[in-house]
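Please read the structure below before turning to the comments.
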Amino acid sequence: MTVDDRFTEDFRVARKDGRPSGTRNEIVTGPVSDWATDFSHLEPEWAADPYPIQDDLRRRCPIARTERFGGGWLPTRYEDVAAIAYDTERFSSRSIIMSNFRPPREIAPIGTAPPISSDPPFHQHARRLLLPAFTKTAVSRLEPATRAYCHALIDALDGQDVVDAARDYAQHIPVRVIADLLGLPKEEGPRFREFVESTLEGVNLPPDERLARMDRLFDYLLAQIRDHVESPRDDLTTYLLNAELGGRRLDPSHVAGTMALLLIAGIDTTWSAIGASLWHLAGTPADRERLVAERGLLPTAMEEFLRAYAPVTMARLVKEDMHWQGVDMKAEDWVLLSFPAANRDPAQFDRADEVLIDREVNRHAAFGLGVHRCVGSHLARMELRVALEVWLERIPVFTLADPDAVTWAAGQVRGPRTLPVRVG
Amino acid sequence: MKVQIDAGRCQGHGRCYDLAPGLFGDDDEGFGKVLGDGAVPPEEEQEARRAAANCPERAIRLAEGA
(Lines give C-alpha, C1' and ligand atoms only; values in the text may rest on other atoms or scores of the structure.)
Protein backbone atom coordinates (compact mmCIF):
# COMPACT_ATOMS: atom_id res chain seq x y z
CA MET A 1 0.00 0.00 0.00
CA THR A 2 1.30 3.45 -0.92
CA VAL A 3 1.70 6.18 1.61
CA ASP A 4 -1.30 8.47 1.77
CA ASP A 5 0.23 11.83 0.86
CA ARG A 6 -3.00 13.61 0.04
CA PHE A 7 -3.06 15.64 3.24
CA THR A 8 0.38 17.20 3.45
CA GLU A 9 -0.83 20.72 2.61
CA ASP A 10 -3.54 22.57 4.42
CA PHE A 11 -6.77 23.45 2.66
CA ARG A 12 -5.90 27.16 2.46
CA VAL A 13 -3.11 26.55 -0.07
CA ALA A 14 -5.69 25.68 -2.70
CA ARG A 15 -6.95 29.24 -2.66
CA LYS A 16 -5.30 31.61 -5.11
CA ASP A 17 -4.87 34.94 -3.38
CA GLY A 18 -5.84 33.93 0.11
CA ARG A 19 -9.50 34.36 -0.68
CA PRO A 20 -11.77 31.92 -2.44
CA SER A 21 -12.94 33.06 -5.87
CA GLY A 22 -16.64 33.61 -6.18
CA THR A 23 -19.09 36.48 -5.89
CA ARG A 24 -19.71 38.60 -2.83
CA ASN A 25 -22.56 41.00 -2.27
CA GLU A 26 -23.27 43.80 0.15
CA ILE A 27 -24.45 42.46 3.52
CA VAL A 28 -27.86 43.83 4.49
CA THR A 29 -29.14 43.30 8.02
CA GLY A 30 -31.80 44.87 10.18
CA PRO A 31 -35.57 44.86 10.43
CA VAL A 32 -37.49 43.49 7.46
CA SER A 33 -39.73 46.11 5.79
CA ASP A 34 -42.07 43.70 4.02
CA TRP A 35 -41.63 39.93 4.17
CA ALA A 36 -42.95 39.59 0.61
CA THR A 37 -40.18 41.75 -0.88
CA ASP A 38 -37.44 41.87 1.76
CA PHE A 39 -37.42 38.56 3.61
CA SER A 40 -34.51 37.46 5.76
CA HIS A 41 -34.33 34.20 7.68
CA LEU A 42 -31.49 35.66 9.78
CA GLU A 43 -33.61 38.22 11.61
CA PRO A 44 -34.82 37.60 15.18
CA GLU A 45 -38.50 37.82 14.24
CA TRP A 46 -38.11 34.83 11.92
CA ALA A 47 -36.10 32.86 14.47
CA ALA A 48 -38.69 33.46 17.19
CA ASP A 49 -41.69 32.33 15.14
CA PRO A 50 -41.47 31.93 11.36
CA TYR A 51 -44.79 30.17 10.88
CA PRO A 52 -47.18 33.16 10.86
CA ILE A 53 -44.82 34.86 8.39
CA GLN A 54 -44.77 31.80 6.14
CA ASP A 55 -48.54 31.36 6.36
CA ASP A 56 -49.08 34.99 5.42
CA LEU A 57 -46.69 34.73 2.47
CA ARG A 58 -48.32 31.51 1.28
CA ARG A 59 -51.66 33.32 1.12
CA ARG A 60 -50.52 36.48 -0.60
CA CYS A 61 -47.45 35.71 -2.76
CA PRO A 62 -46.82 32.72 -2.59
CA ILE A 63 -43.17 33.15 -3.66
CA ALA A 64 -41.48 35.92 -1.68
CA ARG A 65 -38.53 37.95 -2.89
CA THR A 66 -35.56 39.58 -1.21
CA GLU A 67 -32.79 41.81 -2.49
CA ARG A 68 -30.67 40.79 0.49
CA PHE A 69 -28.00 38.10 -0.04
CA GLY A 70 -27.60 39.40 -3.59
CA GLY A 71 -31.17 38.41 -4.44
CA GLY A 72 -33.31 35.41 -3.70
CA TRP A 73 -36.73 33.78 -3.56
CA LEU A 74 -38.76 32.03 -0.90
CA PRO A 75 -41.48 29.64 -2.10
CA THR A 76 -43.94 28.77 0.66
CA ARG A 77 -46.25 26.20 -0.96
CA TYR A 78 -45.53 22.50 -0.66
CA GLU A 79 -46.05 22.10 -4.40
CA ASP A 80 -43.37 24.65 -5.28
CA VAL A 81 -40.87 23.42 -2.69
CA ALA A 82 -41.29 19.87 -3.99
CA ALA A 83 -40.95 20.95 -7.63
CA ILE A 84 -37.64 22.70 -6.88
CA ALA A 85 -36.31 19.80 -4.82
CA TYR A 86 -37.00 17.50 -7.78
CA ASP A 87 -35.61 19.85 -10.41
CA THR A 88 -31.84 19.45 -10.28
CA GLU A 89 -31.61 20.62 -13.91
CA ARG A 90 -32.63 24.19 -13.20
CA PHE A 91 -31.73 24.53 -9.51
CA SER A 92 -28.19 23.81 -8.40
CA SER A 93 -26.99 22.65 -4.98
CA ARG A 94 -23.62 24.31 -5.61
CA SER A 95 -24.22 26.25 -2.42
CA ILE A 96 -26.90 25.17 0.01
CA ILE A 97 -26.43 27.91 2.61
CA MET A 98 -28.03 31.17 1.47
CA SER A 99 -25.38 33.74 2.29
CA ASN A 100 -23.58 36.77 0.91
CA PHE A 101 -21.11 34.67 -1.04
CA ARG A 102 -21.70 32.57 -4.13
CA PRO A 103 -18.95 30.07 -4.85
CA PRO A 104 -17.68 30.02 -8.44
CA ARG A 105 -19.70 28.06 -10.98
CA GLU A 106 -16.71 25.81 -11.67
CA ILE A 107 -17.16 24.27 -8.24
CA ALA A 108 -20.21 22.39 -9.58
CA PRO A 109 -21.04 19.54 -9.75
CA ILE A 110 -18.98 18.57 -6.68
CA GLY A 111 -19.30 21.59 -4.38
CA THR A 112 -17.62 22.09 -1.04
CA ALA A 113 -19.43 19.43 0.99
CA PRO A 114 -20.36 16.44 -1.20
CA PRO A 115 -22.92 15.05 -1.65
CA ILE A 116 -25.20 17.79 -0.26
CA SER A 117 -23.44 20.41 -2.37
CA SER A 118 -23.27 18.23 -5.47
CA ASP A 119 -25.37 18.11 -8.61
CA PRO A 120 -26.01 15.11 -10.86
CA PRO A 121 -24.33 13.10 -12.19
CA PHE A 122 -21.49 13.39 -9.64
CA HIS A 123 -23.96 13.61 -6.77
CA GLN A 124 -25.13 10.03 -7.08
CA HIS A 125 -21.62 8.62 -6.83
CA ALA A 126 -20.70 10.67 -3.77
CA ARG A 127 -24.01 9.79 -2.14
CA ARG A 128 -23.69 6.07 -2.74
CA LEU A 129 -20.42 6.10 -0.80
CA LEU A 130 -22.35 7.16 2.29
CA LEU A 131 -25.67 5.35 2.03
CA PRO A 132 -24.56 1.94 3.40
CA ALA A 133 -23.28 3.55 6.61
CA PHE A 134 -26.63 5.26 7.21
CA THR A 135 -29.23 2.56 6.63
CA LYS A 136 -31.73 1.83 9.37
CA THR A 137 -29.90 -1.43 10.09
CA ALA A 138 -26.49 0.23 10.24
CA VAL A 139 -27.62 3.00 12.59
CA SER A 140 -29.49 0.56 14.84
CA ARG A 141 -26.07 -0.62 15.99
CA LEU A 142 -25.55 2.80 17.55
CA GLU A 143 -28.79 2.66 19.51
CA PRO A 144 -27.61 0.97 22.74
CA ALA A 145 -24.75 3.44 23.20
CA THR A 146 -27.06 6.36 22.38
CA ARG A 147 -29.60 5.19 24.95
CA ALA A 148 -26.93 4.75 27.62
CA TYR A 149 -25.61 8.23 26.88
CA CYS A 150 -29.10 9.77 27.16
CA HIS A 151 -29.48 8.12 30.57
CA ALA A 152 -26.10 9.48 31.64
CA LEU A 153 -27.16 12.99 30.62
CA ILE A 154 -30.35 12.70 32.68
CA ASP A 155 -28.33 11.32 35.62
CA ALA A 156 -26.25 14.48 35.49
CA LEU A 157 -29.39 16.65 35.85
CA ASP A 158 -30.31 14.99 39.12
CA GLY A 159 -31.27 17.33 41.93
CA GLN A 160 -32.06 20.35 39.75
CA ASP A 161 -35.56 21.82 39.66
CA VAL A 162 -34.98 23.71 36.46
CA VAL A 163 -32.86 22.26 33.66
CA ASP A 164 -32.03 23.47 30.18
CA ALA A 165 -33.41 20.75 27.92
CA ALA A 166 -31.68 22.18 24.83
CA ARG A 167 -28.27 23.00 26.26
CA ASP A 168 -27.92 20.25 28.86
CA TYR A 169 -29.64 17.42 26.98
CA ALA A 170 -30.62 17.79 23.32
CA GLN A 171 -27.38 19.26 22.01
CA HIS A 172 -25.10 16.65 23.57
CA ILE A 173 -26.78 13.64 21.97
CA PRO A 174 -25.92 14.23 18.29
CA VAL A 175 -22.51 15.61 19.26
CA ARG A 176 -21.64 12.29 20.85
CA VAL A 177 -23.18 10.18 18.08
CA ILE A 178 -21.38 12.06 15.30
CA ALA A 179 -18.07 12.08 17.19
CA ASP A 180 -18.33 8.30 17.55
CA LEU A 181 -19.26 7.85 13.92
CA LEU A 182 -16.37 9.93 12.58
CA GLY A 183 -13.92 8.81 15.25
CA LEU A 184 -13.40 12.29 16.70
CA PRO A 185 -12.54 13.02 20.33
CA LYS A 186 -15.63 12.66 22.51
CA GLU A 187 -15.55 15.76 24.65
CA GLU A 188 -15.42 18.46 22.00
CA GLY A 189 -19.00 19.65 22.19
CA PRO A 190 -18.12 23.34 22.65
CA ARG A 191 -15.82 23.24 19.63
CA PHE A 192 -18.42 21.51 17.45
CA ARG A 193 -21.03 23.97 18.63
CA GLU A 194 -18.79 26.82 17.49
CA PHE A 195 -18.36 25.20 14.06
CA VAL A 196 -22.09 24.73 13.71
CA GLU A 197 -22.91 28.28 14.72
CA SER A 198 -20.22 29.71 12.46
CA THR A 199 -21.49 27.82 9.44
CA LEU A 200 -25.23 28.18 9.86
CA GLU A 201 -25.77 31.28 11.95
CA GLY A 202 -22.71 33.31 10.98
CA VAL A 203 -24.08 33.99 7.53
CA ASN A 204 -24.14 37.78 7.89
CA LEU A 205 -20.68 38.09 9.47
CA PRO A 206 -18.05 40.11 7.60
CA PRO A 207 -16.56 37.89 4.85
CA ASP A 208 -13.08 37.73 6.37
CA GLU A 209 -14.46 36.71 9.73
CA ARG A 210 -16.61 34.04 8.09
CA LEU A 211 -13.60 32.79 6.16
CA ALA A 212 -11.46 32.67 9.31
CA ARG A 213 -14.11 30.59 11.02
CA MET A 214 -14.31 28.17 8.09
CA ASP A 215 -10.53 27.86 8.24
CA ARG A 216 -10.76 26.83 11.89
CA LEU A 217 -13.23 24.09 10.97
CA PHE A 218 -11.11 22.75 8.12
CA ASP A 219 -7.87 23.02 10.12
CA TYR A 220 -9.52 20.92 12.81
CA LEU A 221 -10.71 18.36 10.27
CA LEU A 222 -7.26 18.21 8.70
CA ALA A 223 -5.71 17.40 12.07
CA GLN A 224 -8.25 14.64 12.60
CA ILE A 225 -7.69 13.30 9.07
CA ARG A 226 -3.92 13.20 9.61
CA ASP A 227 -4.44 11.36 12.87
CA HIS A 228 -6.53 8.78 11.01
CA VAL A 229 -3.94 8.47 8.25
CA GLU A 230 -1.38 7.68 10.97
CA SER A 231 -3.63 5.28 12.84
CA PRO A 232 -6.57 3.96 10.83
CA ARG A 233 -9.57 2.69 12.77
CA ASP A 234 -13.07 1.40 12.26
CA ASP A 235 -14.94 4.64 11.66
CA LEU A 236 -16.30 6.80 8.88
CA THR A 237 -13.18 8.93 8.62
CA THR A 238 -10.99 5.93 7.84
CA TYR A 239 -13.72 4.65 5.53
CA LEU A 240 -13.63 7.93 3.56
CA LEU A 241 -9.83 7.84 3.45
CA ASN A 242 -9.96 4.40 1.85
CA ALA A 243 -12.96 5.02 -0.37
CA GLU A 244 -12.60 5.21 -4.14
CA LEU A 245 -14.66 6.77 -6.91
CA GLY A 246 -14.02 5.50 -10.41
CA GLY A 247 -10.87 3.68 -9.26
CA ARG A 248 -9.34 6.75 -7.61
CA ARG A 249 -9.18 7.70 -3.99
CA LEU A 250 -11.19 10.78 -3.07
CA ASP A 251 -9.75 14.26 -3.46
CA PRO A 252 -8.61 15.68 -0.12
CA SER A 253 -11.27 18.37 -0.37
CA HIS A 254 -13.93 15.70 -0.88
CA VAL A 255 -12.88 13.82 2.26
CA ALA A 256 -12.81 16.98 4.36
CA GLY A 257 -15.99 18.38 2.78
CA THR A 258 -17.97 15.24 3.53
CA MET A 259 -16.66 15.20 7.11
CA ALA A 260 -17.69 18.85 7.48
CA LEU A 261 -21.13 17.97 6.16
CA LEU A 262 -21.60 15.12 8.61
CA LEU A 263 -20.33 17.21 11.49
CA ILE A 264 -22.46 20.28 10.79
CA ALA A 265 -25.59 18.67 9.37
CA GLY A 266 -25.50 15.80 11.82
CA ILE A 267 -25.45 17.90 14.94
CA ASP A 268 -27.48 21.08 14.63
CA THR A 269 -30.42 19.41 12.94
CA THR A 270 -30.99 16.58 15.40
CA TRP A 271 -30.30 18.82 18.36
CA SER A 272 -33.03 21.10 16.98
CA ALA A 273 -35.51 18.28 16.42
CA ILE A 274 -35.06 16.88 19.93
CA GLY A 275 -35.28 20.35 21.46
CA ALA A 276 -38.36 21.39 19.50
CA SER A 277 -40.14 18.17 20.45
CA LEU A 278 -39.37 18.69 24.15
CA TRP A 279 -40.43 22.36 23.84
CA HIS A 280 -43.78 21.27 22.44
CA LEU A 281 -44.31 18.69 25.17
CA ALA A 282 -43.24 21.08 27.93
CA GLY A 283 -45.81 23.60 26.69
CA THR A 284 -48.61 21.13 25.87
CA PRO A 285 -49.38 19.06 28.99
CA ALA A 286 -52.16 17.08 27.31
CA ASP A 287 -49.80 15.76 24.63
CA ARG A 288 -47.08 15.05 27.19
CA GLU A 289 -49.47 13.11 29.42
CA ARG A 290 -50.85 11.15 26.50
CA LEU A 291 -47.38 10.17 25.28
CA VAL A 292 -46.30 9.10 28.75
CA ALA A 293 -49.42 6.93 28.98
CA GLU A 294 -49.28 5.62 25.39
CA ARG A 295 -45.64 4.86 24.66
CA GLY A 296 -46.57 3.16 21.40
CA LEU A 297 -47.72 6.48 20.01
CA LEU A 298 -44.23 7.98 20.08
CA PRO A 299 -43.18 7.03 16.52
CA THR A 300 -46.33 8.68 15.15
CA ALA A 301 -45.97 11.73 17.40
CA MET A 302 -42.35 12.08 16.41
CA GLU A 303 -43.27 12.36 12.73
CA GLU A 304 -45.70 15.10 13.63
CA PHE A 305 -43.00 16.99 15.52
CA LEU A 306 -40.78 16.61 12.46
CA ARG A 307 -43.56 17.98 10.26
CA ALA A 308 -44.62 20.88 12.45
CA TYR A 309 -41.14 21.90 13.64
CA ALA A 310 -39.01 20.72 10.71
CA PRO A 311 -35.59 22.10 11.62
CA VAL A 312 -34.02 22.24 8.19
CA THR A 313 -34.33 24.71 5.33
CA MET A 314 -32.10 24.17 2.30
CA ALA A 315 -31.04 26.53 -0.46
CA ARG A 316 -30.46 26.30 -4.18
CA LEU A 317 -28.98 28.58 -6.83
CA VAL A 318 -30.93 29.27 -10.03
CA LYS A 319 -28.88 28.08 -12.99
CA GLU A 320 -30.28 30.24 -15.82
CA ASP A 321 -32.72 33.14 -16.21
CA MET A 322 -36.25 31.82 -16.36
CA HIS A 323 -39.89 32.54 -15.71
CA TRP A 324 -40.92 30.13 -12.98
CA GLN A 325 -44.35 29.88 -11.35
CA GLY A 326 -45.11 33.51 -12.08
CA VAL A 327 -41.79 35.07 -11.08
CA ASP A 328 -38.75 36.06 -13.10
CA MET A 329 -35.81 34.19 -11.65
CA LYS A 330 -32.33 35.26 -12.69
CA ALA A 331 -29.26 33.08 -12.91
CA GLU A 332 -27.47 33.07 -9.53
CA ASP A 333 -30.59 34.04 -7.57
CA TRP A 334 -30.91 32.08 -4.35
CA VAL A 335 -33.94 29.96 -3.60
CA LEU A 336 -34.56 29.33 0.07
CA LEU A 337 -36.09 25.86 0.11
CA SER A 338 -38.26 25.92 3.18
CA PHE A 339 -39.33 22.42 4.14
CA PRO A 340 -40.90 23.93 7.28
CA ALA A 341 -43.15 26.13 5.12
CA ALA A 342 -44.02 23.19 2.84
CA ASN A 343 -44.93 21.13 5.90
CA ARG A 344 -47.54 23.65 7.00
CA ASP A 345 -49.25 24.11 3.64
CA PRO A 346 -53.00 23.53 4.12
CA ALA A 347 -53.22 22.37 0.50
CA GLN A 348 -51.08 19.37 1.47
CA PHE A 349 -52.01 18.73 5.11
CA ASP A 350 -55.36 18.75 6.89
CA ARG A 351 -55.33 21.07 9.89
CA ALA A 352 -51.81 22.04 8.84
CA ASP A 353 -51.39 24.61 11.59
CA GLU A 354 -52.27 22.18 14.38
CA VAL A 355 -49.92 19.68 16.03
CA LEU A 356 -51.78 16.34 16.09
CA ILE A 357 -49.61 13.71 17.74
CA ASP A 358 -51.76 10.91 16.35
CA ARG A 359 -51.74 12.16 12.74
CA GLU A 360 -51.99 8.97 10.68
CA VAL A 361 -51.21 10.36 7.24
CA ASN A 362 -48.09 12.48 7.34
CA ARG A 363 -46.23 12.83 4.09
CA HIS A 364 -43.98 15.54 5.47
CA ALA A 365 -40.80 16.78 3.85
CA ALA A 366 -38.68 17.37 6.96
CA PHE A 367 -35.85 15.30 5.45
CA GLY A 368 -36.25 16.82 2.02
CA LEU A 369 -37.55 15.28 -1.20
CA GLY A 370 -35.85 13.80 -4.22
CA VAL A 371 -32.23 12.81 -4.69
CA HIS A 372 -30.97 14.93 -1.80
CA ARG A 373 -33.14 13.20 0.83
CA CYS A 374 -31.23 13.62 4.10
CA VAL A 375 -28.64 10.86 4.11
CA GLY A 376 -28.76 10.80 7.91
CA SER A 377 -32.55 10.56 8.26
CA HIS A 378 -32.48 7.07 9.76
CA LEU A 379 -29.81 8.14 12.22
CA ALA A 380 -31.76 11.27 13.12
CA ARG A 381 -34.95 9.30 13.67
CA MET A 382 -33.13 6.84 15.91
CA GLU A 383 -31.60 9.63 17.99
CA LEU A 384 -34.89 11.53 18.24
CA ARG A 385 -36.85 8.44 19.27
CA VAL A 386 -34.29 7.31 21.86
CA ALA A 387 -33.85 10.84 23.23
CA LEU A 388 -37.60 11.25 23.71
CA GLU A 389 -38.11 7.72 25.08
CA VAL A 390 -35.43 8.18 27.72
CA TRP A 391 -36.55 11.70 28.64
CA LEU A 392 -40.23 10.69 29.02
CA GLU A 393 -39.26 7.60 31.01
CA ARG A 394 -37.01 9.52 33.39
CA ILE A 395 -38.75 12.93 33.43
CA PRO A 396 -42.42 12.29 32.68
CA VAL A 397 -43.53 15.60 34.23
CA PHE A 398 -42.02 18.86 32.99
CA THR A 399 -43.23 22.32 32.03
CA LEU A 400 -41.75 25.46 30.51
CA ALA A 401 -40.05 27.23 33.40
CA ASP A 402 -40.10 30.58 31.64
CA PRO A 403 -41.61 30.63 28.13
CA ASP A 404 -40.07 34.03 27.40
CA ALA A 405 -36.57 32.73 28.14
CA VAL A 406 -36.70 30.20 25.30
CA THR A 407 -34.42 31.19 22.43
CA TRP A 408 -34.34 29.76 18.90
CA ALA A 409 -31.49 29.55 16.42
CA ALA A 410 -31.79 31.83 13.42
CA GLY A 411 -30.92 30.77 9.91
CA GLN A 412 -31.51 27.60 7.99
CA VAL A 413 -31.55 25.23 10.95
CA ARG A 414 -34.09 26.25 13.55
CA GLY A 415 -34.48 24.81 17.01
CA PRO A 416 -34.38 25.87 20.66
CA ARG A 417 -30.98 26.88 21.95
CA THR A 418 -32.14 27.82 25.46
CA LEU A 419 -35.01 25.79 26.86
CA PRO A 420 -35.45 26.06 30.64
CA VAL A 421 -37.93 23.47 31.89
CA ARG A 422 -39.20 22.86 35.40
CA VAL A 423 -38.95 19.22 36.36
CA GLY A 424 -41.68 17.51 38.39
CA MET B 1 -54.07 -6.52 -2.65
CA LYS B 2 -50.46 -6.21 -3.82
CA VAL B 3 -47.84 -3.59 -3.07
CA GLN B 4 -45.20 -2.29 -5.45
CA ILE B 5 -42.40 0.26 -5.11
CA ASP B 6 -41.58 2.59 -7.97
CA ALA B 7 -37.77 2.43 -7.81
CA GLY B 8 -37.56 5.57 -9.92
CA ARG B 9 -39.25 7.55 -7.15
CA CYS B 10 -38.01 5.80 -3.98
CA GLN B 11 -35.30 7.81 -2.18
CA GLY B 12 -34.89 5.59 0.86
CA HIS B 13 -36.90 7.57 3.43
CA GLY B 14 -37.85 4.20 4.86
CA ARG B 15 -41.38 5.06 5.92
CA CYS B 16 -42.67 1.84 4.31
CA TYR B 17 -40.38 -0.49 6.21
CA ASP B 18 -40.94 1.48 9.41
CA LEU B 19 -44.72 1.28 9.15
CA ALA B 20 -45.22 -2.09 7.45
CA PRO B 21 -42.17 -4.22 8.24
CA GLY B 22 -44.05 -7.35 7.25
CA LEU B 23 -44.40 -6.09 3.69
CA PHE B 24 -41.30 -3.98 3.06
CA GLY B 25 -37.60 -4.19 3.84
CA ASP B 26 -34.52 -2.17 2.91
CA ASP B 27 -31.62 -2.89 0.62
CA ASP B 28 -27.93 -2.26 1.33
CA GLU B 29 -28.35 1.43 0.55
CA GLY B 30 -31.57 1.92 2.46
CA PHE B 31 -33.93 1.95 -0.49
CA GLY B 32 -37.25 0.21 0.08
CA LYS B 33 -37.95 -3.21 -1.35
CA VAL B 34 -41.05 -5.35 -1.42
CA LEU B 35 -40.74 -8.57 0.56
CA GLY B 36 -41.74 -11.68 -1.37
CA ASP B 37 -44.18 -11.16 -4.22
CA GLY B 38 -45.87 -8.17 -2.61
CA ALA B 39 -49.12 -9.98 -1.91
CA VAL B 40 -50.75 -8.41 1.16
CA PRO B 41 -52.51 -10.71 3.61
CA PRO B 42 -55.91 -9.27 4.60
CA GLU B 43 -54.71 -8.54 8.13
CA GLU B 44 -51.91 -6.34 6.79
CA GLU B 45 -53.97 -4.27 4.37
CA GLN B 46 -54.26 -1.39 6.79
CA GLU B 47 -50.49 -1.30 7.23
CA ALA B 48 -50.03 -1.35 3.46
CA ARG B 49 -52.38 1.62 3.08
CA ARG B 50 -50.62 3.45 5.87
CA ALA B 51 -47.21 2.90 4.28
CA ALA B 52 -48.47 4.17 0.93
CA ALA B 53 -50.12 7.20 2.52
CA ASN B 54 -46.92 8.17 4.34
CA CYS B 55 -44.38 7.81 1.56
CA PRO B 56 -43.02 11.31 0.97
CA GLU B 57 -42.08 10.45 -2.61
CA ARG B 58 -45.40 8.73 -3.45
CA ALA B 59 -43.40 5.72 -4.57
CA ILE B 60 -45.74 3.00 -3.30
CA ARG B 61 -48.50 1.57 -5.46
CA LEU B 62 -51.36 -0.48 -4.09
CA ALA B 63 -53.02 -2.81 -6.58
CA GLU B 64 -56.43 -3.51 -5.11
CA GLY B 65 -57.96 -6.91 -5.78
CA ALA B 66 -54.68 -8.29 -7.11
Side-chain angles (χ1 to χ4, degrees), chain A residues 78-79 81-82 85-86 88 115 120 123-140 296 298-300 302-304 306-307 310 339 342-343 348-350 358-382 384-385, chain B:
Chain A
Y78 176 93
E79 183 188 348
V81 170
Y86 288 127
T88 55
H123 166 264
Q124 184 190 353
H125 304 296
R127 183 175 171 85
R128 291 188 73 171
L129 284 179
L130 295 180
L131 287 174
F134 289 94
T135 62
K136 190 179 178 187
T137 309
V139 303
S140 71
L298 184 63
T300 306
M302 206 176 93
E303 296 303 318
E304 179 67 344
L306 286 167
R307 181 191 72 84
F339 298 115
N343 279 353
Q348 177 72 10
F349 298 94
D350 293 335
D358 55 1
R359 189 184 289 273
E360 282 270 319
V361 176
N362 199 346
R363 213 178 245 134
H364 69 75
F367 292 107
L369 292 166
V371 297
H372 285 281
R373 185 269 301 170
C374 170
V375 78
S377 67
H378 299 286
L379 180 63
R381 281 191 165 106
M382 183 278 283
L384 178 57
R385 177 175 49 78
Chain B
M1 183 193 279
K2 280 189 101 161
V3 288
Q4 294 175 322
I5 293 178
D6 179 344
R9 300 186 73 96
C10 176
Q11 297 294 348
H13 291 260
R15 302 304 293 134
C16 58
Y17 49 83
D18 279 347
L19 293 167
L23 301 171
F24 301 96
D26 62 341
D27 70 11
D28 292 346
E29 295 182 338
F31 293 98
K33 64 179 183 189
V34 171
L35 299 178
D37 63 359
V40 181
E43 67 275 15
E44 289 187 55
E45 286 190 3
Q46 197 185 344
E47 281 190 3
R49 289 204 175 85
R50 203 163 165 221
N54 281 283
C55 176
E57 310 288 350
R58 299 175 184 267
I60 295 174
R61 303 251 166 82
L62 298 180
E64 301 276 353

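Protein chains get the first letters and strands the later ones, always in sequence-line order, with residue 1 at the start of each. The model shown is predicted, which means the values in this text are computed figures rather than measured ones.
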* Structure fact -> Among B:Pro56, B:Gly30, B:Cys10, B:Gly14, the residue with the most heavy-atom pairs under 4.5 Å to chain A is B:Pro56
* To do: Please look at B:Asp18 and chain A and tell me whether the side chain, the backbone, both or neither of the residue comes under 4.5 angstrom of a heavy atom of that chain.
  => both
* Asked: Between B:Gln11 and A:Phe367, is any pair of side-chain heavy atoms under 4.5 Å apart?
  -> no
* **Structural part of A:His372 lying under 4.5 Å from a heavy atom of chain B** => neither
* Asked: Considering only heavy atoms from C-beta outward, does the side chain of A:Pro115 approach that of A:Leu130 to under 4.5 Å?
  -> yes
* Structure fact -> When A:Arg359, A:Arg381, A:Glu360, A:Arg363 are each screened for side chain to side chain contact (heavy atoms under 4.5 Å, CB included) with A:Glu303, the one that passes is A:Arg381
* Asked: Where does A:Tyr86 contact chain B at under 4.5 Å (heavy atoms): side chain, backbone, both or neither?
  -> side chain
* Evaluate the ring planes of A:His378 and B:Tyr17, with Trp represented by its six-membered ring, and classify them as parallel (under 30°), tilted (30 to 60°) or perpendicular (over 60°). => parallel
* Please flag which part of B:Asp28 lies under 4.5 Å from any non-hydrogen atom of chain A: side chain, backbone, both or neither. => backbone
* Can you tell which part of B:Arg49 gets under 4.5 Å to a heavy atom of chain A, answering side chain, backbone, both or neither? => neither
* To do: State plainly whether the residues A:Arg128 and B:Glu29 are in salt-bridge range, i.e. N to O under 4.0 Å.
  => yes
* **Inter-residue atom distance B:Leu23.CG - B:Glu44.CD, 0.5 Å rounding** => 4.5 Å
* Structure fact -> If one checks every heavy atom of A:Val371 against chain B at 4.5 Å, the contacting part turns out to be both
* Give, as side chain, backbone, both or neither, the part of B:Ala59 having an atom under 4.5 angstrom from any heavy atom of chain A. => neither
